[in-house]
Visitor: 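Okay, handing you the structure first.
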Amino acid sequence: MSGTFLAASGVDALADLAGGWNTSREQGGLYIEYLIRDVVGLQIADSVITGASILIVCGLVFGFLNVFALWAVWAERKISAHIQCRLGPMEVGPHGALQTIADGIKLIAKEDIIPRLADRPLFILAPIIVFAGVLIRFVPLPFGPHLIASDMDLGLFFIAAVGSIEVLGVIMAGWSSNNKWSLFGTIRTATQMVSYEVPIGLAFVTVIVSYGSFSLVDIIGMQGGTLAGSLSSDGMPQEGWFWHWTVFRNPFLALMFLVYTVAGLAECKRAPFDLPEAESELVSGFHTEYSGMRFGLFFLAEYGVMYIISAVAACMFLGGWWTGIYWIDQIGLGADASPVGVVFGILIKAGCLISKALVLVMVQMWVRWTLPRVRLDQMMHLCWKVLLPASLLCFLGSCLWELLFGGGAFLGAGAVVR
Amino acid sequence: MTATSDIRTEEMLLNMGPQHPSTHGVFRVVIRTDGEMVIESESHIGYLHRCFEKCAEGNNYIQVVPYTDRMDYLCAMANNLAYSETVEKLMGLEVPERALYIRVICSELNRIASHLMAFGTYGMDIGAITPFLYAFRDRERVLKIFETICGQRLNYSYIRIGGATFDITDDVLRDIQTFIDYFDPVILDEYDRLLSYNGIFISRTANVGILPADMAISYGVTGPSLRGSGVRRDLRKDEPYCIYDRFDFDIPVGTGEMGTIGDCWDRYMVRIREMRESAKILRQALRDIPAGLFCEKKAFRAVKPPKGEVYHKVEGARGEVGFYIVSDGTNQPYRCKARGPSFSNISVLDALTSRGDCMVADMVAIIGSLDIVMGEVDR
């Protein structure tokens, strides 16, 4: 897969960074690689730059994931506490803000226990695979304009495809633990995640056919309306406002957003779909036998998936990095923008995208601390008999709508943008 | 099913408990499962056996009272009451009027605390963690009241032979009134909105673990679990003890509102509605409580019932708490046999879960809906 990262870009870098949205995507490759080579202009061997870029990107994404998890665990504890008339952690740091760091140190310092009858190699490998399966999904995920590891052509497809790696790791964890509760949790996970990938995939497809592109950067760009002014000839709006976001584009896409949110909850194994780790039934499900940092990896992975699901929802449906207010969105755009304006604009948009994702993460937490858990058969019923028909209906409805009222933008818009 | 019938599936023997989050104590069920379906279950009890009955034979009558606390520790007042009334019946002792009211007030408050616990833990069993903390917020207020009354939060030993250990002051009576005013109108509605009428909760509990009335009776199920099956039996009405015949209250029974009569939702809802009835009794008791002695002082010094035997039962939070005491004329019981409602209620579990329509998740829902306390099952 690293083959797609290896390519150089011949675009005039400075002009591109200031005015346009085209990146080195057409040739593939990590965005940072292109920055180092073309913008900074370092004269080193390509392979060195590629290697360094991969390391930097891994470090940045890993760092982001860790910081996010630190924050999210604390936020979840605080949110749940305030929902439940409690205070939550208050001792470590102001309002317990450092509690997660203390917990992390505890997890790292804990004894690493591997049950005697566990399948050692699989047991050790499982959390790594789960974690890697989550980390790799960050690759085509934008954090803001230009803030993306690699804007690959098949971004959404990539996210959906590598998402299945996580299931593999979970099955390995449950099976190798040699524990009946873990096995139960594993079977539930496999059933649940494989099933709920179907409505999620259909949500992806619906958005993809609406915009004619697999790339999240393209999809976000088109929700901004203006997109460097290139869309006016296609009947797309000249100015970008929040009503140009996917979720307001047509009623079927709005419904699709709901379907995606519900299926996303199941995909992150959060309540009311937390059957794989249903603590009142299965003790802790597939990670019953894990302790210390191995458990910590599962935990990080869970929060990572929460962010990914929410960020993808924000990108696909809620306008991505666009604030939805034309004048703010225009900051740093256009050929005459100053470098400070460009950076300022990027920061605003990155903040906007991450905030939207965090709001959706908060909704997930809110749901978790409110609802009871569904039963396995009810969960499958919901997936195959409610969400799947609904998402199919949305897919067909949205396609028809775009054909009839889309003003010619349907399926062809992506090509115009490029 | 025809397409899948050739696939050979293996059964799995799963040991649920004695250390498990949802067995409400040290309770062990061995379940035979086919995938997620429970084919058969077998309960094992006795992990918490503390020889209550033997201990009772070695202590004098007054010293037995603290042992009764530790049977059903969530509703200790009912145990105290049952034991004390049994001994009083044996002695033919008259208890002062005020003490009777104090007993009713404490029993009903304790019933509310116990049902709150049942409500909270049941939500937790179904996967909703928030109701648990809401229930504990309010249970805390009851426990605070008990702490003011007798200095204890769980094992009160407050109701004793001859009356109560201490008097209830007017301040405490006002506290109780404040609690009911706070609890009755708003909070119970809050619980209903939060859990009782939640769609997922209903789908998890309605039509699950259906306990028909005849089956409940033949297994000796009592209390809210029996009333959930639609049987209107409550000792407070049927065989009034203490002064329960003076109060006006209803007995909620399961009606199959969300599914079938006797399902988990019915059993759950009976408890929620009973809390309202308890509040109703409390209001009347607080209004009518007379001044006077809070105990018969002579029973404090020596309890020496004449030769004989007696059985007496009261309605605890989980069902009929009964004591059978044989006296040989000394100050120690010759034999003291306790009937714990949880013990009888838990006996129906295997029958409910071995019918082939129960999933592993339902198992947890059924155990929770029976609201057992292992301290009482094992004694």
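Throughout, protein chains are lettered first and strands after them, A, B, ... in sequence-line order, and every chain is numbered starting at 1.
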Visitor: Heavy atom to heavy atom, less than 4.5 Å: which residues from residues 133-141 of chain B reach chain A?
Guide: B:L133, B:Y134, B:R137
Visitor: Indicate the atoms forming the closest heavy-atom contact of A:Y290 with A:L122, along with that distance.
Guide: OH-O, 4.4 Å
Visitor: Taking B:L116's backbone N and O only, do any of them form a donor-acceptor pair with B:Y191's side chain (distance below 3.5 Å, no angle check)?
Guide: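 No, the answer is negative, given that no donor and acceptor are paired below the 3.5 Å cut-off.
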Visitor: Just to verify, what does A:P115 make a side-chain contact (heavy atoms from CB on, under 4.5 Å) with, not counting sequence neighbours?
Guide: A:A118, A:F123, A:E289
Visitor: Side chain, backbone, both or neither: which part of A:I187 has a heavy atom under 4.5 Å from chain B?
Guide: neither
Visitor: Is there any salt bridge (charged side-chain N to carboxylate O under 4.0 Å, His left out) pair reaching into residues 37-46 of chain B, and which pairs are they, with sequence neighbours excluded?
Guide: B:R32-B:E40
Visitor: Counting only heavy atoms closer than 4.5 Å, note whether A:R86 contacts chain B via side chain, backbone, both or neither.
Guide: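 For A:R86, the contact with chain B is made by the side chain alone.
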Visitor: Measure B:L13 against the heavy atoms of chain A and call it side chain, backbone, both or neither at under 4.5 Å.
Guide: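 For B:L13, backbone and side chain are both near chain A.
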Visitor: Could you give all pairs that pass the salt bridge (charged side-chain N to carboxylate O under 4.0 Å, His left out) test and reach residues 351-360 of chain B, with sequence neighbours left out?
Guide: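 Listed once each, the pairs would be none.
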Visitor: Hey, which of B:M12, B:Q19, B:E36 has the most heavy atom pairs under 4.5 Å with chain A?
Guide: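 Sorted descending by pairs with chain A, the first entry is B:E36.
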Visitor: For A:W369 together with A:H82, are the ring centres under 6.0 Å from each other?
Guide: no
Visitor: Where do B:I261 and B:D266 come nearest, in terms of heavy atoms and distance?
Guide: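 Heavy atoms of B:I261 and B:D266 come nearest at CA-OD2, 3.3 Å.
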Visitor: Once you round to the nearest 0.5 Å, how far does OG1 of A:T261 lie from CZ of A:F317?
Guide: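 Output value for this atom pair is 7.5 Å.
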